[in-house]
Amino acid sequence: MNIEKYFKIWKQLVSCAAGSYLSNRLESGGYFLGKLVRFGFFLLLIVSIFNYTNTMAGYSKYEVILFFLTFNLLDVLAQAFFRGIYMFQNDVKQGNFDYVLSKPVNPLFYSMSRITDIMDMIFLFPISGLIIFTVYKLPIDVGWENILGYAVFIGIGMVIVIAIHILAACVTIWSVENENTIWVYRDAMTVGRFPPEIFSVTVQAVFTFVIPIIVIVAFPTKTLLGLLSWQWMVFGAVYAILFFAVSLIIWKISLKKYSSASS
Amino acid sequence: MKKYWMVFRLSWARQFEYRFNFFFGRMRNIIVLLLLFYVWKSLTLRNGSFAGYSEIEIITYVFMVNILRAVIFGNQGITEITREINQGIFSKYLAMPVNYFWYNFFRQLAQRLISLISAIIEVVIFAIILKVDIFAQTNWVILLWFGVSVFLAICLYFVLSYLTNLLAFFSREAIGPKFLFDWILEFGSGAYFPLSILSRIFFIPLMFLPFAYLVYFPVEIYLGRVSFWQANIGICFQIFWILVAGLITRIVWKKGLRRYSGEGI
């Protein structure tokens, strides 16, 4: 893959997206404010909960807030850069995916990055600022190795998120009528808003091994808090690589299955 | 009435046409139910209560919300009205012998009923699997008042949602404001948590807005946490907001019709 070429394409797509957002100011403003309201209310919920208790599943207020902010960081990163997947069902249904296949560009790259959510890119700044503030307020000393580990696991989390987006695209090819797959992932991600210890062991196992939301969201946070053992770190890294590889294999099989029925 | 019954039947049939989609849609609700159940369960684990709610009350709150969301909000993300106005599809309704308001009410009613049945089944299955005790209200007066408040909540939500969709008459960008409205509604209605856990500075203003009377208020009646007089005052608030929203809807509808150009036909 020619990185320079793809960066140029991505830049062009971002420029188109920016133009679109600027020309639809009411709609963009509505979405942005809606996201702020959602973010603010959940933060308010966590703060309100801690008016009645000192700990939640053994975590202090700022530790729980860190889980919530990390969830937001990963969720917003995915939405900012891979928003195109939300249009994929429409493309397949209306046969527009044929045109994507005929372009001299990787169809997966194009389908995922054809829309960049500028609003979410802007939203990344306050989230990052709040993460720094929360880390400063934590009741423990956070070392540089923890911060580095956090950054690495955010990267690992993103690899799994990309893999899930690829799998959602595959499901769309196999079942054109279905438009909810990516939304199931989005709702599953909300599990990461709170520490995983609130769930039963069975639910934790499902969200670690089957739908790896805990690996995506809780592993970075726990690494920052110094609570993740090296065995789990290795597991997280290996799991992400395997999950990504499997998603690519399924994508290739799905592409062969694509029948262009709607075109 | 016969024509609206037909609208209801067609909408009902359409829901079953996209079964896979419907199944995934419900899966999304189950995940939210699971999350909220465990959040509140973990908080009541130590003392058996949290923020003035016993464990059984807060778990019943979560399960009741799942049912009420289905029947009151229906498919909340619904933007059919916005799309129809923006794409000029709305023009055909002007030539049809139907009232667009009632047409949409019955179109959405089928979807709400199917979601309600599904939500009840989900709650029962969940309660069995997780071995959860749910508070069963046996006082018939409370149940009657609960039924009235749910009916009024359905009407209130429909009018508010309809009004937001009518923004499409004035702008092709009505979906963004609808998204904002949906999230204010989600939280302001108590669909994620009982509003009373918020500090008074947030709780009191919320009780003067219409949203709190969509989910929080009916569930509080069901749990028997409001007195007879508080229930009456709440129902008066529901009626007041339906009238206010209905009046604004009527004005917006008339102005919107004047502006409508059938663009996109």
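Here is the naming used below: chain letters follow the sequence lines, and residue numbers restart at 1 for every chain.
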Undergrad: For atom NZ of K35(A), is the number of surrounding heavy atoms from other residues, nucleotides or ligands below 6.0 Å larger than 12?
TA: yes

Undergrad: Quick one: which of V191(A), V203(A), D187(A) has the most heavy-atom pairs under 4.5 Å with chain B, could you say?
TA: D187(A)

Undergrad: Restricting to non-hydrogen atoms, name the atom on F187(B) and the atom on R38(A) that form the minimum distance, rounded to 0.1 Å.
TA: CE1-CA, 3.8 Å

Undergrad: Less than 4.5 Å to any heavy atom of chain B: does that hold for the side chain of F39(A), its backbone, both, or neither?
TA: neither

Undergrad: Do I49(A) and F50(B) have side chains that approach each other closer than 4.5 Å (heavy atoms only, starting at C-beta)?
TA: yes

Undergrad: Kindly check if the number of other-residue, nucleotide or ligand heavy atoms within 6.0 Å of CD1 (I201(B)) is above 12?
TA: no

Undergrad: Would you mind checking which part of V47(A) comes under 4.5 Å of any heavy atom in chain B, side chain (CB onward), backbone (N, CA, C, O), both or neither?
TA: neither

Undergrad: Please confirm whether the backbone N or O of I197(B) pairs with a side-chain atom of Y52(A), one donor and one acceptor, at under 3.5 Å?
TA: yes

Undergrad: In Å and rounded to the nearest 0.5 Å, what is the CD1 to CD1 distance from I31(B) to I211(A)?
TA: 6.0 Å

Undergrad: Is any side-chain heavy atom of Y192(B) less than 4.5 Å from a side-chain heavy atom of F42(A)?
TA: yes

Undergrad: Side chain from CB out, backbone as N, CA, C, O: work out which of these in L43(B) comes under 4.5 Å of a heavy atom of chain A, or both, or neither.
TA: side chain

Undergrad: Is A188(A) close to chain B through its backbone or its side chain, or both, or neither, when contacts mean heavy atoms under 4.5 Å?
TA: both

Undergrad: If you round to the nearest 0.5 Å, how far is CG of L34(B) from OG of S200(A)?
TA: 7.5 Å

Undergrad: Measure L36(A) against the heavy atoms of chain B and call it side chain, backbone, both or neither at under 4.5 Å.
TA: neither

Undergrad: Examine whether an atom of F194(A) lies under 4.5 Å from a heavy atom of chain B, and if so say whether it belongs to the side chain, the backbone or both; otherwise answer neither.
TA: side chain

Undergrad: Testing the basics here: between S171(B) and L26(A), what is the closest heavy-atom pair and its distance to 0.1 Å?
TA: OG-CD2, 3.4 Å

Undergrad: Please state whether the side chain, the backbone, both or neither of F202(B) comes within less than 4.5 Å of a heavy atom of chain A.
TA: side chain

Undergrad: To the closest 0.5 Å, what do you measure between CZ (F207(A)) and CG (L35(B))?
TA: 8.5 Å

Undergrad: Tell me whether the rings of Y31(A) and F179(B) are parallel (<30°), tilted (30 to 60°) or perpendicular (>60°).
TA: tilted

Undergrad: Which one wins on heavy-atom pair count under 4.5 Å against chain A: N47(B), V39(B), L45(B), I30(B)?
TA: V39(B)

Undergrad: To the nearest 0.5 Å, tell me how far L33(A) CG sits from F181(B) CZ.
TA: 15.0 Å

Undergrad: Taking every non-hydrogen pair under 4.5 Å, which of L45(A), T53(A), N51(A) racks up the most with chain B?
TA: L45(A)

